[in-house]
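Shown next, in structure tokens, is the structure this report addresses.
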Amino acid sequence: MARLLTDLATIARAAGLTVVEIPGWKTRGRPGDFNPRGVLCHHTAGAGDTRRTAEQMALEGRPDLKAPLAQLALSRTGVVYVMAAGRANHAGKAKAFGGIPAGDGNELYVGIEAMNTGFEGWTSAQYSAYVRLVAALCTAYGWPATRVAGHKETSESGKIDPGKMSMPDFRADVARAMSAGTDLRRGATGDKVARVQNALSLTADGSFGPATEAAVRTFQTAKGLPVTGVVDTKTWAALFPPASPTPAPAPVTPNTSEEDELMALQIQHPTEKGKTWPFSRAVWSIWTYAFNAAVDARATRRIVEALAQKGAPLTVDETKQAVKDAVTEVEQEAQA
Ligand SMILES: [Zn+2]
């Protein structure tokens, strides 16, 4: 079965998110089955953070992987890019997870590529949008938050994304956002009303009356939200922002750790159409290899530096050969 999720943009907008549609997305997809049963979270591992970054994933892909590379992307400021309604190349073979069977991950999951190196941490804007987007998808498709996986949880090839993110904490935040979904207005009663009243320093009697409505209006004014007196998804998110798992990202500085130095090298060679992506990819491949093989980080850095001296951009063949040489070299060193 090859589904087309042509409601992705509507779902994200209804969650109060800023949405950019990459033209053609409603009919874009890879051939093959697509019958998603959950959401798979990724990071891009690159510095790119623009519409162009999303266009590359939607239209161009990578030397080793045809586009689209996911259905959705998410910028560091929380902008949602809708790239494809159909099957995408993001998941590979998946282990069984959260009640979803093992199998073809590209069939079983909707993929979200968050624009993040995986080392920088998550801005509260990006993290909060990630939570809201995933919660909105789960609500729309009738999936519990247990159907939300990180690529690092399903991958059979040692993927490590999304980096610096605890998936159990993320799922808990998604579950909270899902239970918070429905609008609350004058006349509403219950626990959710009491939570809102508590947050607004009112007496928490659980009854949404004129005083609560006035306090909601004041809060909305202060936050620059539409002043409706109704606690909608946006107002709820402002009242109860999900805690970011890491503080605001620090700029990559040299000599803090081997890891940071590798990332700095990668960031110095930003993506550029067709050419430097393979270079960045090569750096990333080497780093991933070293991470998985627990190869000495110093040896890995030498190889990355050697690649850098060859100068970006490399051709695809040069990149493949360089990675191959590098891996052989590291293996020989590791055995020596
Ligand atoms: Zn991934």
Side-chain angles (χ1 to χ4, degrees), residues 5-22 25-26 39 41 49-51 54 70-83 85 110-116 122-145 147-148 162 165 169-186 188 190-193 195-200 208 212-213 215-245 248:
L5 307 178
T6 53
D7 49 1
L8 287 174
T10 308
I11 291 167
R13 275 201 189 95
L17 295 160
T18 305
V19 175
V20 174
E21 300 175 51
I22 305 300
W25 70 270
K26 282 191 179 176
V39 182
C41 300
D49 194 38
T50 61
R51 180 192 176 108
Q71 283 78 23
L72 297 160
L74 182 66
S75 82
R76 287 170 175 82
T77 53
V79 175
V80 176
Y81 294 93
V82 186
M83 306 190 296
V110 171
I112 305 174
E113 283 285 358
M115 298 177 189
N116 192 291
W122 299 83
T123 61
S124 60
Q126 190 174 27
Y127 185 80
S128 142
Y130 217 163
V131 168
R132 282 159 68 194
L133 176 60
V134 171
L137 292 171
C138 287
T139 301
Y141 297 133
W143 302 328
R147 302 264 196 101
V148 177
M165 186 186 282
D169 289 352
F170 184 77
R171 277 186 286 276
D173 286 332
V174 167
R176 263 192 290 279
M178 285 171 75
S179 65
T182 335
D183 288 3
L184 295 174
R185 62 187 75 235
R186 203 155 152 176
D191 289 350
K192 279 190 200 166
V193 176
R195 279 190 68 189
V196 169
Q197 290 170 324
N198 253 327
L200 295 171
F208 199 127
T212 306
E213 188 180 83
V216 169
R217 285 178 180 277
T218 306
F219 177 79
Q220 288 170 327
T221 307
K223 291 287 176 184
L225 295 164
V227 182
T228 57
V230 175
V231 180
D232 55 9
T233 314
K234 263 189 177 174
T235 304
W236 185 278
L239 281 166
F240 307 102
S244 179

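In this text the structure is predicted, and so the values were computed from the model without any measurement.
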State which residues pass salt bridge (Lys or Arg N to Asp or Glu O under 4.0 Å) with R217; sequence neighbours excluded, sorted by chain then number. none
Could you check whether any side-chain heavy atom of V230 comes within less than 4.5 Å of a side-chain heavy atom of L184, counting everything from C-beta outward? no
R76: which residues meet the salt bridge (Lys or Arg N to Asp or Glu O under 4.0 Å) condition with it, sequence neighbours left out? D49, E120
How many angstroms lie between atom CG of L72 and atom CG of L17, to the nearest 0.5 angstrom? 10.5 Å
Are C138 and V39 packed together at the side-chain level, in the sense that at least one heavy-atom pair is separated by less than 4.5 angstrom? yes
Let me confirm one number: the CG-OG1 distance from L225 to T235, rounded to the nearest 0.5 Å. 5.0 Å
Distance in Å, M115 CE paired with Q126 CD, rounded so as to fall on 0.5 Å steps: 9.0 Å
Taking all non-hydrogen atoms of both residues into account, name the closest pair between A15 and A136 and its distance. CB-CB, 3.7 Å
I'd like to know if the side chain of R171 reaches the main chain of V148, judged simply by a donor and an acceptor atom lying under 3.5 Å from each other, with no hydrogens or angles considered. yes
What heavy-atom pair brings L239 and A199 nearest, and what distance separates the two atoms? CD2-CB, 4.0 Å
Run the side-chain donor-acceptor check on residues 5-12: report pairs under 3.5 Å with partners two or more places apart or on a different chain.
residue : atom : partner : partner atom : Å
D7      : OD1  : Y141    : OH           : 2.7

Closest heavy-atom contact between E213 and G229? CG-O, 3.8 Å
Residue pair R195 / W236, side-chain heavy-atom distance below 4.5 Å: yes
Please round to the nearest 0.5 Å and tell me the distance separating atom SG of C41 and atom CE of M165. 7.0 Å
Output all residues satisfying side-chain contact (heavy atoms from CB on, under 4.5 Å) with T218, sequence neighbours left out; order by chain, then residue number. none
Got V216 and L200 here, is their nearest side-chain heavy-atom distance under 4.5 Å? yes
Could you walk me through whether Q220 and T228 satisfy the side chain to side chain donor-acceptor pair (under 3.5 Å) test, starting with their C-alpha distance in whole Å, then the side-chain angles of each, then the deciding distance to 0.1 Å, before giving a yes or no? CA-CA 8 Å; Q220 288 170 327; T228 57; 3.1 Å; yes
Y130: partners by ring-ring contact (aromatic ring centres under 6.0 Å, His included), with sequence neighbours left out: W122, F170
What distance separates Y127 OH from R132 CZ, expressed to the nearest 0.5 Å? 13.5 Å
4.5 Å side-chain heavy-atom contact, V20 and V80: no
Backbone of G111 reached by a side-chain donor or acceptor of Q71 within 3.5 Å: yes
Shortest non-hydrogen contact from A125 toward T77: CB-O, 3.8 Å
Is the closest basic N to carboxylate O distance between E21 and R13 below 4.0 Å? yes
Working to the nearest 0.5 Å, report the span between CG of L74 and CG of L133. 6.5 Å
Atom of Y81, atom of S75 and distance for their closest heavy-atom approach: CE1-CB, 4.1 Å
Identify, with sequence neighbours excluded, every residue that meets ring-ring contact (aromatic ring centres under 6.0 Å, His included) alongside F208. none
